[in-house]
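To start, the structure itself, in structure tokens.
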Amino acid sequence: MRLRGGMQPATAAEIAADFEARPESARVGLTPADWMLWWLAPTHVEFWQGSPDRRHARIMYERQGESWHREVRGGETSTRTGGAASRR
């Protein structure tokens, strides 16, 4: 899988909640000030599916405004579709 897009830091409340949700063994030697949480705002998501007959397929989703458009390359066919697959 390949993801592309911008990164943005989480809010202080999200970082604190994530830190507290971690097991104590994962927080040894750390303070909440040492912890950081980032969110990926993807604009492109790509999945690669291998095939024994070497007809590999790539399934790609590209963000266009508020919707996602899907394109399939390789495998048996190449297709392109549009629509709102997800808003997040």
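The figures that follow rest on heavy atoms only: side chains count, while hydrogens, waters and symmetry mates do not. Just so you know, residue 1 is the first one in the sequence shown, and it goes up from there.
In this structure, CH2 in Trp48 is found 9.0 Å from CZ in Arg58, a value given to the nearest 0.5 Å. Taking CH2 of Trp68 as the reference point, atom CE of Met60 lies at 13.0 Å (rounded to 0.5 Å). Here the CE-CZ distance, from Met1 to Phe47, works out to 5.0 Å after rounding to the nearest 0.5 Å.
Heavy atoms only, all atoms of each residue included: Pro9 and Met36 are closest at CB-CE, 3.3 Å. The shortest non-hydrogen separation linking Arg55 to Ser51 is O-CB, 3.7 Å. Counting all heavy atoms, side chain and backbone alike, Ala41 lies closest to Gln8 at CB-NE2, 3.7 Å.
Under the 4.5 Å side-chain heavy-atom criterion for ILVMFWY residues, no single connected hydrophobic cluster contains both Trp35 and Val28. The hydrophobic cluster containing Leu37 also contains Leu40, counting ILVMFWY residues as joined when their side-chain heavy atoms lie under 4.5 angstrom apart, directly or transitively. A continuous path of ILVMFWY side-chain contacts below 4.5 Å connects Leu30 to Ile15, so both sit in one hydrophobic cluster.
For the pair Glu14 (side chain) and Thr11 (backbone), a donor-acceptor distance under 3.5 Å is present. A donor-acceptor contact shorter than 3.5 Å links the side chain of Thr43 to the backbone of Arg4.
Under a 4.0 Å N-O distance rule, the pair Glu71/Arg73 qualifies as a salt bridge.
Among residues two or more places apart in sequence or in another chain, the ring pair (Phe, Tyr, Trp, His ring centres under 6.0 Å) test is passed with His44 by none. With sequence neighbours left out, the salt bridge (charged side-chain N to carboxylate O under 4.0 Å, His left out) criterion links Glu24 to no other residue.
Within the 4.5 Å cutoff, the side chain of Ile59 has heavy atoms near those of the Gln49 side chain.
Taking the ring axis of Phe19 as reference, the NZ or CZ atom of Arg27 stays within 45° of it and closer than 6.0 Å to the ring centre.
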Evaluate the side-chain hydrogen bond (donor to acceptor under 3.5 Å, both in side chains) criterion for residues Gln64 and Ser67: first the C-alpha distance (whole Å), next the side-chain angles of each, then the deciding distance (0.1 Å), finally the verdict. CA-CA 6 Å; Gln64 295 182 356; Ser67 64; 5.8 Å; no
